[in-house]
Amino acid sequence: MQTLWNSRYTLPAYPPLEEDLHADAAVVGGGMAGILTAYALHTRGLRVVLLEGDRLASGVTAHTTAKITAQHGRFCERLVHDFGLHLAQQYLRANLCAVRQFRALVRQKHIDCAFSDESSFVYAAPDGPSLTRELECALSLGAPARLVKPEGLPFPVREALCFERQAQFSPLPFLAALLPELTVYEHSPVRDIRGHAVRCDGGTVTAEQVIVATHFPMLERFGLYDLRLRQERSYLLALTGAPPLPGMWLDAGAEGWSLRRSGRYLLLGGGGHRCGENLGDSYDRLRAQAQRLFPAAQEAFAWSSQDCMTLDGVPYIGPYSSSAPFLHVATGFGKWGMTGSMVAATLLTARLTGEDCPYADIFSPQRFFPSASISAFWEGAGYAVRGIGRRLFVPAQTAAADIARAHAGIVQWQGKKYGVYRHTDGTLFAVDIRCPHRGCELTWNDDEKSWDCPCHGSRFDYTGHRLSEPAKAALRPCEDFPQEI
């Protein structure tokens, strides 16, 4: 999928792993979090090997809005309520530090990545929620916050909560400046981690410390992460011909529209939903909002992203499991992966080098769950139960003959359910409708032309090719499915 970022810049290619290596640290996952962590460890003098299963930064990193901000929506009031003042301060300070670290690194290495200091705004529409309590909590945590009444915007705003001295950039050239110092292997999916041995198809890296910075944690025998994470999709348009918009903006209302400028483009985001719950209208809703706000603008790019969400809204950064002290994880950045990735690099580097970790408690994967996360845990378990139950007990409702071109449905054939897609040329593609991860029944995403898992967020194209974790295998195609039934 082409995005604004990968249309502008292509990262250099690296070979696959084809030998056995020894290292101080192996980092699994070549997105923003993995590359930043590998770079930070390298600067501390560790021998680091970075392993990526596909191409570097080809996942969420290439599909981000690329906002570098500690203002993560209306989050201060929720953090104080769920975690108390002390831990909430840890979260905010860690992310404010991450903004400063990005700025310092860009300046130190003279990186040409369209980095710019910007104010970040969470805004309330005329009928939107009050931001007064959020301001009070932000100030109590030490945030650089103030309430403003913006004027001259192309859409009506009653008030906005401003965080000053935040930033934005282009992520791929930023990462390109860090890579020459690293030992990197692409197209080297990690098949297993046993003890200190990280096994790929072409070789094994034996490392004193192992960091898993994949989008969804890959090891299912540790940590119960498939029960503690859900995945959400969100959608973006890059528009030309829109009026100037200073700063970065996020709607405080339910839709959560996101806006920021990048050169001659305006990025408009929204239309999000839990993976597997798409109604087929996410891009339509986004385009309708673009037409309302900027009727003269033209669409240049359209893409989507998928984010891992933790039970309590705070990333898991730290020990993967209490039973494996050499194994570490960074996941669940929500929709704030830029600062989350830098926080992960800072905390994990401190942990591995014996430095002080002043913000470690709030991000610990073994932290105490607030009451809000317990209900989210049972909600997630309910999705799994319903997904498996629907596959076992709910009959298919669609006949293959009724499926229109470029659409799909679930069809019963010879006593078994299949996901069937009709190509624009009329050809039918049938796949096993069971997710190979946990057996949940997949649903069709008409916006993306993909089969999505509502339980844990795995995704597959209409031929069965795997698009997103945590599933490790493709869907089995039904080669003998009749073309006319």
Side-chain angles (χ1 to χ4, degrees), residues 5 9 11 25 27 29-46 48 50 56-57 60-61 64-72 89-121 138 141-145 162-182 184 211 213 246-248 260-263 315 317-318 330 333 336-360 362-363:
W5 314 122
Y9 198 92
L11 290 176
V27 178
M32 182 65 70
I35 294 173
L36 280 175
T37 302
Y39 180 81
L41 292 170
H42 167 77
T43 62
R44 301 303 197 281
L46 275 68
V48 184
L50 177 64
L56 291 175
V60 178
T61 299
T64 176
T65 58
K67 296 178 179 179
I68 307 174
T69 177
Q71 188 184 39
H72 297 171
Q89 285 176 331
Q90 283 191 14
Y91 181 90
L92 179 67
R93 289 171 180 171
N95 282 280
L96 287 172
C97 180
V99 177
R100 294 193 295 271
Q101 288 172 292
F102 270 110
R103 184 180 293 115
L105 193 52
V106 168
R107 291 176 177 173
Q108 171 197 337
K109 298 183 72 67
H110 306 287
I111 304 175
D112 183 8
C113 60
F115 184 95
S116 64
D117 290 329
E118 303 285 347
S119 291
S120 175
F121 300 89
L141 298 179
C162 173
F163 275 30
E164 297 176 327
R165 289 274 290 169
Q166 308 302 293
Q168 61 185 32
F169 72 151
S170 181
L172 299 188
F174 169 81
L175 292 175
L178 310 184
L179 292 172
E181 300 180 44
L182 303 180
V184 179
I211 295 168
M248 305 177 295
R260 63 151 287 199
R261 247 199 128 75
S262 178
I317 304 170
F333 300 130
W336 306 104
M338 298 300 98
T339 50
S341 293
M342 184 65 84
V343 170
T346 301
L347 293 185
L348 294 173
T349 299
R351 181 175 178 82
L352 269 62
T353 57
E355 300 172 7
D356 183 36
C357 298
Y359 314 127
I362 183 65
F363 296 100

Using atom types as modelled and distance alone, determine if a side-chain donor or acceptor of T61 lies under 3.5 Å from a backbone N or O of M32.
yes
Closest non-hydrogen contact found for A345 with T37 is CA-OG1, 3.4 Å
Separation between CG (L347) and CD (Q90), nearest 0.5 Å, reads 9.0 Å
Scanning both residues in full, the closest heavy-atom pair of A167 with F115 reads CB-CZ, 3.4 Å
Notebook entry, point to check: If only atom types and distance count, is the side chain of R93 paired as donor or acceptor with the main-chain N or O of N95 below 3.5 Å?
Noted result: no
- prompt: Are any side-chain N or O atoms of W5 and backbone N or O atoms of T64, one a donor and one an acceptor, separated by less than 3.5 Å?
  reply: yes
Applying salt bridge (charged side-chain N to carboxylate O under 4.0 Å, His left out) to D117 and not counting sequence neighbours gives R103, R107, R165
Between M338 and A66 the two heavy atoms that sit nearest each other are CG-CA, 4.2 Å
Of all heavy-atom pairs linking C113 and V106, the shortest is SG-CG2, 4.0 Å
OG of S119 to CD of Q166, rounded to nearest 0.5 Å, is 8.0 Å
Heavy-atom closest pair (T349 atom, A40 atom, distance to 0.1 Å) is OG1-CB, 3.2 Å
Check your understanding: Is the shortest side-chain N to carboxylate O distance from E355 to R44 below 4.0 Å?
Key -> yes
Here the pair of heavy atoms bringing P173 nearest to I111 is O-CG2, 3.8 Å
Between the CG atom in L96 and the OG1 atom in T339, the distance rounded to the nearest 0.5 Å is 9.5 Å
Donor-acceptor contact present, side-chain Q71 to main-chain A145, <3.5 Å = no
OG (S120) and CZ (R260) are apart, to the nearest 0.5 Å, by 11.5 Å
Side chain to side chain contact (heavy atoms under 4.5 Å, CB included) filter on Q101, not counting sequence neighbours, yields C97, A98, M342, T346
Run the side-chain contact (heavy atoms from CB on, under 4.5 Å) check on F363 and V343 step by step: do they pass? CA-CA 9 Å; F363 296 100; V343 170; 3.8 Å; yes
Tell me, with the steps shown, if L56 and L175 meet side-chain contact (heavy atoms from CB on, under 4.5 Å). CA-CA 9 Å; L56 291 175; L175 292 175; over 6 Å; no
Separation between CD (E181) and NE2 (H42), nearest 0.5 Å, reads 4.5 Å
Are P246 and F121 close enough that some pair of their side-chain heavy atoms sits under 4.5 Å apart? no
What is the ring orientation for F102 with F174, classed by angle as parallel under 30°, tilted 30 to 60°, or perpendicular over 60°?
tilted
- Item | Stepwise side-chain contact (heavy atoms from CB on, under 4.5 Å) test for V48 and Y39 | CA-CA 8 Å; V48 184; Y39 180 81; over 6 Å; no
Rounded to the nearest 0.5 Å, the CG atom of L41 sits from the CD1 atom of I211 at a distance of 5.0 Å
Open item on the list: Under the criterion side-chain contact (heavy atoms from CB on, under 4.5 Å), I'd like the reasoning laid out for L105 against L178: C-alpha separation, chi angles, the key distance, then a yes or no.
Closed with: CA-CA 10 Å; L105 193 52; L178 310 184; 4.0 Å; yes
